[in-house]
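Here the structure comes first, spelled out in structure tokens, and everything after it is commentary.
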Amino acid sequence: MKDSIRHLIQQALTRLTADGVLPEGLSPAIQVENTKDKSHGDFASNIAMMLAKPAALKPRDLAQKLIDALPADAQIAKVEIAGPGFLNFYQNSQALAERLDAQLADTHLGVRKNGPAERVVVDLSSPNLAKEMHVGHLRSTIIGDAVARVLEFLGDEVIRQNHVGDWGTQFGMLLAFMEENPAAAESELADLEGFYRAAKKRFDESAEFAERARALVVQLQAGEPECMRLWQRFNAISLSHCQKAYDRLGVKLTPADVKGESAYNDDLANVVADLRSQGLLSEDNGAQCVFLDDYQNAEGKPLPVIVQKAGGGYLYSTTDLAAMRYRSRVLKADRSLYFVDQRQALHFQMAFEVARRAGFVHDGMRLEHMGFGTMNGADGRPFKTRDGGTVKLIDLLDEAEARAYDLVKAKNAELGEDELRQIARAVGIGAVKYADLSKHRTSDYSFNFELMLSFEGNTAPYLLYAYTRVASLFRKLGRSFEQVEGRIELHAPQELELGGKLAQFGEVLVSVAEKGTPHLLCAYLYDVAGLFSSFYENCPILSADDQATQHSRLRLAALAGRTLKQGLQLLGLETLERM
């Protein structure tokens with residue numbers, strides 16, 4: 001509808017320009033927004049206020065001329081002037097009802113992408129393999145997963161890249177410990193944190209062990225067969241820990257999506273050589289750097305992107321540049337999205353600039369850092385255990401499921417154990433994910449089990465329950481959402497409100513895909529749930545006055561149910577038919 005209204009306004013502007021009301025050469029960005037108060041229509045535009053000055057007219061006078069020049073459209077019931085010169089558009093309820101019927105008949109709920117499909121690389125999760133995944137990896141994993149799902153739903157080809165930290169000096173220490181304890185390594189690796197601490201303890205206490213660890217780093221980088229065998233074994237075990245967390249979270253990441261730092265190792269020298277051949281490198285205290293005049297330190301001097309240390313070692317920036325080149329030249333990406341902590345913003349801004357200057361990415365390829373804030377405890381500081389340690393992700397999920405189990409059992413003591421466990425898993429894991437996804441990704445947020453497991457407010461339990469209310473209605477009738485006859489008619493205010501919101505599903509998904517902000521989808525689904533509740537309470541369905549009204553309301557309920565279910569699945573939440 002917004003696109004249709006923009007097109008109508010553009011036609012009116014063209015007419016007014018031809019008539020001499022507007023000067024030639026104007027090409028304004030026509031803004032059309034949803035109104036917050038439906039008494040002011042469904043959509044509003046400030047175009048008359050934007051163009052009043054070049055037209056030498058009062059905004060309300062120009063607004064009237066625009067209304068007079070607007071082509072007739074069956075989807076628009078009327079257009080009015082409001083306030084200083086807003087144009088308020090009122091939808092034709094019959095045209096809206098027809099669009100909703102079309103949505104219900106479509107397996108894709110009428111959702112289509114604006115423009116051609118793209119190849120999009122989504123860089124997400126990216127834990128270091130030296131340790132088990134902890135809560136700090138949660139946001140990158142689930143926000144990236146949700147956006148990737150939405151992009152796929154809109155028709156893009158999504159290539160997930162799990163850029164794990166599987167290379168570097170710490171691996172010499174771990175390999176030395178594996179080499180020293182071959183029999184015990186297999187069982188001890190079941191606890192990666194313990195294994196890492198034991199290796200670190202040996203490294204700190206034994207000069208001989210530390211020397212052996214450093215030697216193994218050199219051998220590993222040189223591709224020595226036994227070092228490579230031990231390294232591959234460690235990575236396989238470490239990645240299996242990660243995969244268990246991914247499976248528990250229900251995110252669409254597999255071992256095939258892993259493309260770690262080590263994958264680019266052979267190309268790092270080429271990256272440096274190519275930068276040098278293009279005259280982009282400068283030496284600074286023995287290190288090879290690219291200086292960017294647009295980025296300066298506190299003294300006003302250009303900041304460097306260091307691509308090779310004085311001793312010859314490479315850095316994250318070197319690996320990231322190699323990855324950008326791979327994603328452009330091999331994966332042929334149109335967009336590359338990086339779901340990485342907001343604190344890495346400057347690193348990515350500078351690395352993106354170097355990649356562009358060096359021609360490592362093709363013209364038109366968009367490099368986008370989708371930064372996010374931190375997950376904090378009740379004290380407002382990064383989430384830790386009571387003794388100040390790092391919280392393992394698996395432990396957090398275990399506690400979420402246990403709390404959800406107690407909550408669900410207290411409400412539904414008659415349910416069987418298997419069903420209780422299934423519901424507890426969906427509610428517990430869903431609550432953790434939704435509490436995160438419902439916040440703007442750039443914001444920090446405080447982790448609170450009591451709030452996220454509440455059945456009131458914008459929470460996973462509330463939305464999961466809202467969906468089960470729709471499902472139970474159709475279960476009573478012995479029908480599926482697809483088995484609804486008749487057509488939608490919108491008369492009651494609650495029908496119009498719910499119908500108008502359901503028509504916005506595609507628009508919301510396009511915004512999520514463009515901005516990488518799943519909280520927009522969370523807020524939308526929360527609105528749908530609230531409007532459905534109001535509709536359900538005020539518009540009798542099973543006891544409707546006549547069959548046509550009953551069929552219409554059942555169709556509207558079915559569309560609400562399908563929209564809630566699809567939206568929750570795009571967020572990566574498991575839906576339930578009852579709870």
Parallel, tilted or perpendicular, as decided by the 30° and 60° cut-offs, for the rings of F505 and Y524: parallel
Whether S238 side chain and L129 backbone form a donor-acceptor pair below 3.5 Å: yes
Polar side-chain atom of E224 near backbone of C227 as donor-acceptor pair, under 3.5 Å: yes
Ring geometry between F447 and F449 (parallel below 30°, tilted from 30 to 60°, perpendicular above 60°): perpendicular
Backbone of D145 reached by a side-chain donor or acceptor of K252 within 3.5 Å: no
Ring pair (Phe, Tyr, Trp, His ring centres under 6.0 Å) evaluation trace for F177 with F195: CA-CA 9 Å; F177 197 68; F195 186 88; 5.2 Å; yes
Check ion pair D3-R6 (N to O, under 4.0 angstrom): yes
From L570 atom CG to K565 atom NZ, the distance as rounded to the nearest 0.5 Å: 12.5 Å
Which atom of G144 lies closest to which atom of L124, heavy atoms considered: C-CD1, 3.7 Å
Exam field: side chain R214 to backbone G172, donor-acceptor pair closer than 3.5 Å: no
L175 side, atom CG; W231 side, atom CH2 - distance, nearest 0.5 Å: 9.5 Å
Spacing of I159 atom CD1 and L337 atom CG [to the nearest 0.5 Å]: 11.5 Å
Basic-acidic side-chain contact under 4.0 Å: D398, R248: yes
Spacing of CG belonging to L520 relative to OG belonging to S438, to within rounding of 0.5 Å: 11.5 Å
Heavy-atom closest contact (A48 atom, P59 atom, distance): CB-O, 3.5 Å
Which atom of H369 lies closest to which atom of Y338, heavy atoms considered: CD2-O, 3.4 Å
Check: N458 side chain, Y526 main-chain N or O, donor-acceptor pair, under 3.5 Å: no
Salt bridge present between R327 and D123 (N-O < 4.0 angstrom): yes
Step-by-step side-chain hydrogen bond (donor to acceptor under 3.5 Å, both in side chains) determination, Y445 to D436: CA-CA 8 Å; Y445 78 99; D436 190 312; 3.0 Å; yes
R366/E118 salt bridge by N-O under 4.0 Å criterion: yes
Distance-minimising heavy-atom pair for S45 and F89: CB-CE1, 4.5 Å
Between CZ on residue R119 and CZ on residue R335, distance to nearest 0.5 Å: 14.5 Å
Donor-acceptor pair, side chain of T459 and main chain of M452, under 3.5 angstrom: no
Q243 atom CD: more than 12 heavy-atom contacts under 6.0 Å: yes
In a table with atom names and distances, give each donor-acceptor pair under 3.5 Å that connects a side chain of residues 263-270 to protein atoms at least two apart or in another chain.
| unit_1 | atom_1 | unit_2 | atom_2 | d |
| --- | --- | --- | --- | --- |
| N265 | OD1 | W167 | NE1 | 3.0 |
| D267 | OD1 | N270 | ND2 | 3.1 |
| D267 | OD1 | R325 | NH2 | 3.3 |
| D267 | OD2 | R325 | NH2 | 3.2 |

Exam field: side chain D166 to backbone E261, donor-acceptor pair closer than 3.5 Å: yes
Interatomic distance, L463 atom CG to Y434 atom OH [nearest 0.5 angstrom]: 4.5 Å
H108/F153 under ring pair (Phe, Tyr, Trp, His ring centres under 6.0 Å): CA gap, chis, key distance, verdict: CA-CA 8 Å; H108 226 60; F153 189 71; 4.0 Å; yes
Stepwise side-chain hydrogen bond (donor to acceptor under 3.5 Å, both in side chains) test for S446 and N448: CA-CA 6 Å; S446 295; N448 185 312; over 6 Å; no
Worked verdict on T254 versus D257 for side-chain hydrogen bond (donor to acceptor under 3.5 Å, both in side chains): CA-CA 5 Å; T254 69; D257 300 316; 3.3 Å; yes
S126 backbone acceptor or donor facing N162 side chain under 3.5 Å: yes
Whether R149 side chain and Q569 backbone form a donor-acceptor pair below 3.5 Å: yes
Working for side-chain hydrogen bond (donor to acceptor under 3.5 Å, both in side chains), residues D274 and Q278: CA-CA 6 Å; D274 289 347; Q278 295 183 60; over 6 Å; no
